[in-house]
Visitor: 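Below you'll find the structure I mean.
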Amino acid sequence: MIKPVPLYIGLRYVAARRRQQFISFINGFSLLGMALGVFALIVVTSVMNGFDRELKTRILAVVPHGFVEHKDGLDDWQGAADQLRGQPHVVAASPFVRGFALLGANNQSQGVEFQGIDPEALREVSAVGENMLMGGMDTLQPRSYEIVLGRILARQLGVIPGDSVILTLPEVVITPAGIFPRTKRFTVAGVFSVGAQVDQNMALMHIEDAARLLRMPGKVQGLQLKFDDMNNALGRVEGYAAGLGEGFTGEDWSLSQGSLFQAVKMEKTVVTLMLMIIVAVAAFNIVSALVLMVADKRSDIAVLRTLGLTSRQIMAVFVVQGSAIGIIGAFIGAALGTLIALNLTDLVSWVENFLGAKIFDPRVFFVSFLPSEFRAGDAAMVLSAAVIMSLLATLFPAWRASQIAPAEALRYE
């Protein structure tokens with residue numbers, strides 16, 4: 001016999017065939033519900049982690065890891081760039097000028113963030129030049145008034161390299177003929193695609209052209225920074241900017257792009273909490289099964305008490321029985337969830353090839369496949385939550401079983 005005795009009896013109750021088929025059905029349903037809940041949680045959290053990874057990788061391949069600006073602009077940006085390159089983890093710095101405008105063509109218009117960049121220096125901090133669909137960055141020269149657009153933006157405006165677009169600034173000029181908005185005609189020099197939001201709202205031009213548009217010729221607004229690892233930028237950029245002197249400010253990617261990543265994180269949290277309801281329902285089924293089991297085993301409980309088992313040992317018997325159902329289901333769900341999460345991208349690709357259709361149309365979605373990133377920490381958290389809920393679900397029915405009086409239970413036997 002397995003010792004301690006409550007463990008032996010509890011496991012016997014789990015494995016034995018019962019006269020009450022309904023109780024067996026509820027136990028099986030509880031195990032299945034627990035397995036399904038844990039499976040769904042692990043797979044969904046892996047998919048959310050995958051989307052978070054793809055967004056960070058794609059956006060931060062184009063958007064610099066940090067920005068350092070001066071309130072009055074910089075005349076000699078090379079000195080500041082050399083000083084920043086000497087800071088820990090900073091590998092490159094590039095000047096920039098940025099602003100917001102309305103870009104129009106073919107009776108279509110779209111609000112954009114335009115950036116003036118140095119094409120040579122930009123290669124060190126951004127991979128946008130490696131993601132050109134048409135044209136290139138090399139044609140961006142001073143006073144050429146050429147512009148490079150994101151793929152979705154170019155599609156919305158209906159333009160290709162060689163076409164013209166009108167850039168309208170949010171300010172006006174007063175002339176003898178009246179008040180007119182400031183506009184400038186640009187020629188599209190290229191189209192890039194990184195598979196992220198910047199494809200829809202980003203336009204690039206030479207830094208001298210952007211400086212003239214913003215009435216700050218000969219100056220730059222600040223410097224774009226690239227770190228050896230994007231996470232090393234967190235909390236450091238502001239301190240590096242302060243070290244350059246008065247008037248400098250800095251922000252890292254968690255501030256410039258933080259709202260998007262916070263939205264993904266919040267969505268992951270909400271979805272996780274909603275799916276945790278499945279696990280909670282399975283735990284409630286364990287409560288129901290144990291309550292019925294206690295009612296069915298009243299005479300057995302009375303006999304065990306007369307043989308010397310204490311009320312605490314009786315309680316342990318039903319804690320073992322109920323928690324075993326939940327734990328077995330949780331581990332089955334965790335094993336299946338881990339297996340699917342590790343192979344989900346390949347599995348979805350196989351389904352797409354088999355059906356001959358794309359689940360995520362690349363013309364609509366930034367990410368045209370289903371990414372998955374399994375994290376052992378998330379799986380351990382889900383599994384721990386399922387085990388704890390299973391244990392908690394057994395306490396009340398087990399306590400009720402421990403309160404059964406042997407004389408009362410055996411009176412009518």
Visitor: Check L234 against D252 and note the closest heavy-atom contact, atom names and distance.
Guide: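 Closest approach of L234 to D252, heavy atoms only: CA-OD2, 3.6 Å.
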
Visitor: So, taking the atom named OG in S372 and the one named CG in L347, what distance separates them when rounded to the nearest 0.5 Å?
Guide: 10.5 Å

Visitor: Can you give me the closest heavy-atom contact between L133 and S193, atom names plus distance?
Guide: CD1-CB, 3.5 Å

Visitor: Could you walk me through whether F192 and D199 pass the side chain to side chain contact (heavy atoms under 4.5 Å, CB included) check?
Guide: CA-CA 7 Å; F192 66 85; D199 289 349; 3.7 Å; yes

Visitor: Measuring only between side-chain heavy atoms, which start at C-beta, is I117 closer than 4.5 Å to S94?
Guide: no

Visitor: Provide the closest heavy-atom pair for L102 versus G111 in the form atom of the first, atom of the second, distance.
Guide: CD1-N, 3.8 Å

Visitor: Kindly say whether E120 contributes a backbone atom to a donor-acceptor pair with the side chain of D118 at under 3.5 angstrom?
Guide: yes

Visitor: Determine, stepwise, if the pair E208 / Q141 fulfils side chain to side chain donor-acceptor pair (under 3.5 Å).
Guide: CA-CA 8 Å; E208 290 191 18; Q141 300 295 327; over 6 Å; no

Visitor: Are E69 and R98 ion-paired here, with the side-chain N under 4.0 Å from a carboxylate O?
Guide: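 The answer is yes: the pair qualifies as a salt bridge.
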
Visitor: Do T249 and H70 make a side-chain contact, defined as non-hydrogen atoms from C-beta onward lying under 4.5 Å apart?
Guide: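 Not in contact.
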
Visitor: Does the gap between the ring centers of F248 and Y240 come in under 6.0 Å?
Guide: no

Visitor: State the CG-CE distance between N131 and M137, to the nearest 0.5 angstrom.
Guide: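 Rounded to the nearest 0.5 Å, the CG-CE separation comes to 11.0 Å.
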
Visitor: Using a 6.0 Å cut-off, check whether atom CG of N107 has over 12 heavy atoms from anything other than its own residue.
Guide: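 Open.
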
Visitor: With heavy-atom distances below 4.5 Å as the criterion, would you say the side chains of V271 and M274 are in contact?
Guide: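 No, side chains not in contact.
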
Visitor: Side chain of E124, backbone of A121: donor and acceptor closer than 3.5 Å?
Guide: no

Visitor: Would you give the length of the straight line joining atom CD1 of I328 to atom OG of S30, rounded to the nearest 0.5 angstrom?
Guide: 12.0 Å

Visitor: Work out which heavy atom in A101 is nearest to a heavy atom in P170; give both atom names and the distance.
Guide: CA-CD, 4.5 Å

Visitor: Please name the residue in the list D228, D229, L225, V125 that meets the side chain to side chain contact (heavy atoms under 4.5 Å, CB included) test with V91.
Guide: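 Among D228, D229, L225, V125, the one that satisfies the side chain to side chain contact (heavy atoms under 4.5 Å, CB included) with V91 is D228.
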
Visitor: L275 vs T272, test: side chain to side chain contact (heavy atoms under 4.5 Å, CB included). Steps then yes/no.
Guide: CA-CA 5 Å; L275 289 177; T272 300; over 6 Å; no

Visitor: Does the pair L223 and W77 meet the rule for a side chain to side chain contact (heavy atoms under 4.5 Å, CB included), with working shown?
Guide: CA-CA 8 Å; L223 297 166; W77 61 267; 3.8 Å; yes

Visitor: Is a side-chain N or O of R182 found less than 3.5 angstrom from the main chain of L213, in a donor-acceptor match?
Guide: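 Here the side-chain-to-backbone pair exists.
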
Visitor: Ignoring hydrogens and geometry, is there a side-chain-to-backbone donor-acceptor pair from T45 to I42 under 3.5 Å?
Guide: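 At least one qualifying donor-acceptor pair exists.
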
Visitor: Does the pair R375/E373 count as a salt bridge with the N-to-O cut at 4.0 Å?
Guide: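 E373 and R375: salt-bridged.
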
Visitor: For the CD1 atom of I286 and the CD atom of Q321, what is their distance to the nearest 0.5 Å?
Guide: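 The CD atom of Q321 is 10.0 Å from CD1 of I286, to the nearest 0.5 Å.
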
Visitor: Would you call L103 and I166 a side-chain contact if the rule is heavy atoms closer than 4.5 Å?
Guide: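 No, side chains not in contact.
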
Visitor: Is there a side-chain contact between I147 and L204, using heavy atoms and a 4.5 Å cut-off?
Guide: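 Side chain of I147 against side chain of L204, heavy atoms only: no contact under 4.5 Å found.
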
Visitor: Let me see the working for F51 and L370 under side chain to side chain contact (heavy atoms under 4.5 Å, CB included), right down to the final yes or no.
Guide: CA-CA 8 Å; F51 275 110; L370 189 63; 4.1 Å; yes

Visitor: Using side-chain heavy atoms (C-beta onward) and a distance below 4.5 Å, is D378 in contact with V382?
Guide: no

Visitor: With a 6.0 Å cut-off on the ring centroids, do F227 and H89 count as close?
Guide: no

Visitor: Spell out, as yes or no, whether a donor-acceptor pair under 3.5 Å connects the side chain of S144 to the backbone of L140.
Guide: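 No, S144 side chain to L140 backbone: no donor-acceptor pair under 3.5 Å.
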
Visitor: Is the CD atom of Q87 crowded by more than 12 outside heavy atoms at less than 6.0 Å?
Guide: yes

Visitor: F318 ring centre to R400 NZ or CZ under 6.0 Å, with the angle to the axis within 45°?
Guide: no

Visitor: Determine yes or no for a side-chain-to-main-chain donor-acceptor pair under 3.5 angstrom, with D209 supplying the side chain and M205 the backbone.
Guide: no

Visitor: Can you confirm whether T183 sits close enough to L167 that some side-chain heavy atom of one is under 4.5 Å from a side-chain heavy atom of the other?
Guide: no

Visitor: H65 and A233: which non-hydrogen atoms are nearest, and at how many Å?
Guide: O-CB, 3.7 Å

Visitor: Which atom pair, heavy atoms only, marks the closest approach of M34 to S390?
Guide: CE-OG, 3.2 Å

Visitor: For residues 330-342, which side-chain N or O atoms pair as donor and acceptor with protein atoms under 3.5 Å away, sequence neighbours left out?
Guide:
unit_1, atom_1, unit_2, atom_2, d
T338, OG1, A334, O, 2.7

Visitor: Measure the shortest side-chain to side-chain distance between E146 and F186 over non-hydrogen atoms and say whether it is less than 4.5 angstrom.
Guide: no

Visitor: Is the backbone N or O of N343 less than 3.5 Å from a side-chain atom of D346, with the two atoms forming a donor-acceptor pair by type?
Guide: no

Visitor: How long is the straight-line distance from NZ of K226 back to CG of L84, given to the nearest 0.5 Å?
Guide: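 Between atom CG of L84 and atom NZ of K226 there are 16.0 Å.
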
Visitor: Indicate yes or no for a side-chain donor-acceptor contact from N201 to the backbone of E113 under 3.5 Å, with no hydrogens or angles considered.
Guide: no

Visitor: Under the 3.5 angstrom rule, does the side chain of S109 hit a backbone N or O of A105 as a donor-acceptor pair?
Guide: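 No; judged by distance alone, with no hydrogens or angles, the pair does not exist.
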
Visitor: To the nearest 0.5 Å, what is the distance between CD on Q110 and CZ on R155?
Guide: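 With rounding to 0.5 Å, CD (Q110) is 11.5 Å from CZ (R155).
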
